[in-house]
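Sequence lines set the chain letters: A, B, ... in the order given, protein chains first and strands last, and positions in each chain run from 1. These numbers were taken from a predicted model, which means no experiment stands behind them.
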Protein chains: 2
Amino acid sequence: MASASIPSNPADLLRAAGIKVTPGRVRVLQALHGARQPLCHGEMEAQLGVDGEAAMDRVTLYRILDSLVACGLALKAVDTRGVFRFSAAGAQRQHANHIHFRCTDCGGVFCLKAEPPPPPTLPEGFRLRRAEFDVCGTCDRCSGDTTPLVPR
Amino acid sequence: MASASIPSNPADLLRAAGIKVTPGRVRVLQALHGARQPLCHGEMEAQLGVDGEAAMDRVTLYRILDSLVACGLALKAVDTRGVFRFSAAGAQRQHANHIHFRCTDCGGVFCLKAEPPPPPTLPEGFRLRRAEFDVCGTCDRCSGDTTPLVPR
DNA sequence: CCACAAATGCAACAATGTTGCGTTTGTGGC
DNA sequence: GCCACAAACGCAACATTGTTGCATTTGTGG
Ligand SMILES: [Mn+2]
Ligand SMILES: [Mn+2]
Ligand SMILES: [Zn+2]
Ligand SMILES: [Zn+2]
């Protein structure tokens, strides 16, 4: 079965997206796919360091993330602290039909059962880019005692 | 009619909130009430300068804003660029029963006719702090031609 | 294998926000 | 009205996050 279906490994994804396949991009895309929640720049730097590989230049990482966002392989959003967080674009699609809860203490993101609300009708000439129901508060672990998991 | 009802001028609000009434806080709270959309730190600095009054120290402004948030007189949120924006707490209530559209080009915020979606039911132990329907894209002025109002 | 555009590494810069500390000021108690 | 004192302020320095310029290296189509 040598099907030419949806590519899955980072290199193929990069090729399919039409941007150069560089070691840095492969590593970053791999890290994004392996992450269980959107990562900020600092977390990515740390994450990339654990592999024992050489640390990546800060600016290069920023530019790689931008290039992934530009070609649609990654998504960029801002968290409540005002920091940009990145996620693999594919990972979002499986989360398209329910809403999420974000814990403002530990930063964790939890899937809820509820469907996303329908996008509102806009005035003439307005163009909708994104409509997201942002639900946040404290999760069960962080609500009970006073010690959050990730103080930071 | 010397009623002791809801205070409305900045000084009374500050007194009622239990924090010291300083000229800086009065000016900032006044600016927040006069604003038609949440202001970031830089916009507030500019806004405060127009009165012909002496410019306020950057750090003092940050601390005043924090104190207003801490006592509940102001609200702090982060915009899509990752910048904190502040609004008078009272000003929110008149916008509580409809949702808003944010133009990602010019930064403008527009009131829509639609009602906010009901908050979802959460798993056991979770505590809801805020549920906001974030609807963004480009407004009529910014959608048509290619020149946004506030390029920045 | 080559040419060349794209990507990278490094240094410097920019925007936003925070901390420390000495000085000034608003406020409750008298 | 005056005093004491905690709170707020002004200033300098610092921290974090993100960007720009430019010379060097590298991936890729031909
Ligand atoms: Mn999900
Ligand atoms: Mn409104
Ligand atoms: Zn939590
Ligand atoms: Zn606009």
Side-chain angles (χ1 to χ4, degrees), chain A residues 9-29 38-49 53-71 73-86 107 150-152, chain B residues 9-29 38-49 53-71 73-86 107 150-152:
Chain A
N9 69 318
D12 286 346
L13 285 168
L14 291 167
R15 243 183 303 275
I19 63 172
K20 285 188 181 177
V21 181
T22 69
R25 283 175 177 168
V26 171
R27 281 170 68 197
V28 169
L29 194 50
L39 301 176
C40 66
H41 181 271
E43 288 164 352
M44 297 229 51
E45 258 187 320
Q47 181 74 23
L48 295 173
E53 307 237 7
M56 179 173 297
D57 179 72
R58 263 171 43 80
V59 178
T60 299
L61 177 52
Y62 273 115
R63 290 202 268 232
I64 286 177
L65 289 169
D66 280 345
S67 73
L68 294 180
V69 171
C71 75
L73 288 177
L75 298 175
K76 181 181 187 176
V78 67
D79 73 8
T80 41
R81 294 207 330 274
V83 175
F84 291 122
R85 292 186 169 271
F86 300 85
V150 182
R152 192 174 189 178
Chain B
N9 68 319
D12 285 346
L13 285 168
L14 291 167
R15 242 183 302 276
I19 64 173
K20 284 188 181 176
V21 180
T22 70
R25 282 176 176 165
V26 170
R27 280 171 67 197
V28 170
L29 194 50
L39 302 176
C40 68
H41 181 270
E43 290 164 352
M44 297 229 50
E45 259 188 318
Q47 181 74 23
L48 295 174
E53 308 239 5
M56 180 173 296
D57 181 71
R58 262 171 44 79
V59 178
T60 299
L61 177 53
Y62 273 115
R63 290 203 267 232
I64 284 177
L65 288 168
D66 279 346
S67 72
L68 294 180
V69 171
C71 74
L73 289 177
L75 298 176
K76 182 181 187 175
V78 67
D79 72 10
T80 41
R81 295 206 329 274
V83 176
F84 291 121
R85 291 187 169 271
F86 299 85
V150 182
R152 198 180 186 175

Margin query: Please evaluate residues A:Met44 and A:Met56 with respect to the criterion side chain to side chain contact (heavy atoms under 4.5 Å, CB included), reporting the C-alpha separation (whole Å), side-chain torsions for both, the decisive distance (0.1 Å), and the verdict.
Written below: CA-CA 10 Å; A:Met44 297 229 51; A:Met56 179 173 297; over 6 Å; no

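- Note on B:Val21: only backbone sugar-phosphate atoms sit closer than 4.0 angstrom, heavy atoms only; bases stay farther off.
- Comparing D:dC11, C:dG17, D:dA8 against the side chain of B:Val59 picks out D:dC11 as the nearest.
- Nucleotide D:dT26 forms a pair with C:dA5, judged by Watson-Crick or G-U wobble geometry with both contacts under 3.5 Å.
- Rounded to whole Å, the distance from OH on A:Tyr62 to C1' on C:dA14 is 12 Å.
- Taking atom CG of residue A:Asp12 and atom C1' of nucleotide D:dG27, one finds them 16 Å apart after rounding to whole Å.
- Atom CG of B:Leu48 and atom P of D:dC9 are 12 Å apart (whole Å).
- Between the A:His41 side chain and the A:Val83 main chain, no donor and acceptor come within less than 3.5 Å of each other.
- Atom CG in A:Leu14 sits about 18 Å away from atom P in D:dT26, given to the nearest Å.
- Of the candidate nucleotides D:dG18, C:dG9, D:dG27, D:dG18 has the atom lying nearest to any side-chain atom of A:Val83.
- Whole-Å rounding puts the B:Asp66 CG to D:dA8 P distance at 12 Å.
- Paired with B:Arg63 under the rule side-chain contact (heavy atoms from CB on, under 4.5 Å), one option of B:Leu61, B:Val59, B:Leu65, B:Thr60 passes, and it is B:Val59.
- Considering only side-chain N and O atoms, A:Thr22 lies nowhere under 4.0 angstrom from the phosphate OP1 or OP2 of D:dG27.
- For the pair A:Arg27 CZ and C:dA7 C1', the interatomic distance rounds to 15 Å; values are reported in whole Å.
- The side chain of B:Asp57 lies closest to D:dG10, out of C:dA11, C:dA7, D:dG10.
- Partner A:Pro10 forms a side-chain contact (heavy atoms from CB on, under 4.5 Å) with one of A:Leu73, A:Val26, A:Val28 and no other, that one being A:Val26.
- Residues B:Phe84 and A:Lys20 both approach DNA chain C. Their nearest nucleotides, taken by heavy-atom distance, put A:Lys20 toward the 5′ side.
- Close to C:dT16, at under 4.0 Å from its OP1 or OP2, lies no side-chain N or O of B:Arg58.
- Counting to the nearest Å, the P atom of D:dT16 and the NE2 atom of B:His41 are 19 Å from each other.
- Rounding to the nearest 0.5 angstrom, the gap separating the CD1 atom in B:Ile64 from the CG atom in B:Leu29 is 10.5 Å.
- For the pair A:Leu65 CG and D:dT19 P, the computed distance is 10 Å after rounding to whole Å.
- If you check every strand for non-hydrogen atoms under 4.0 Å, A:Arg63 touches a base.
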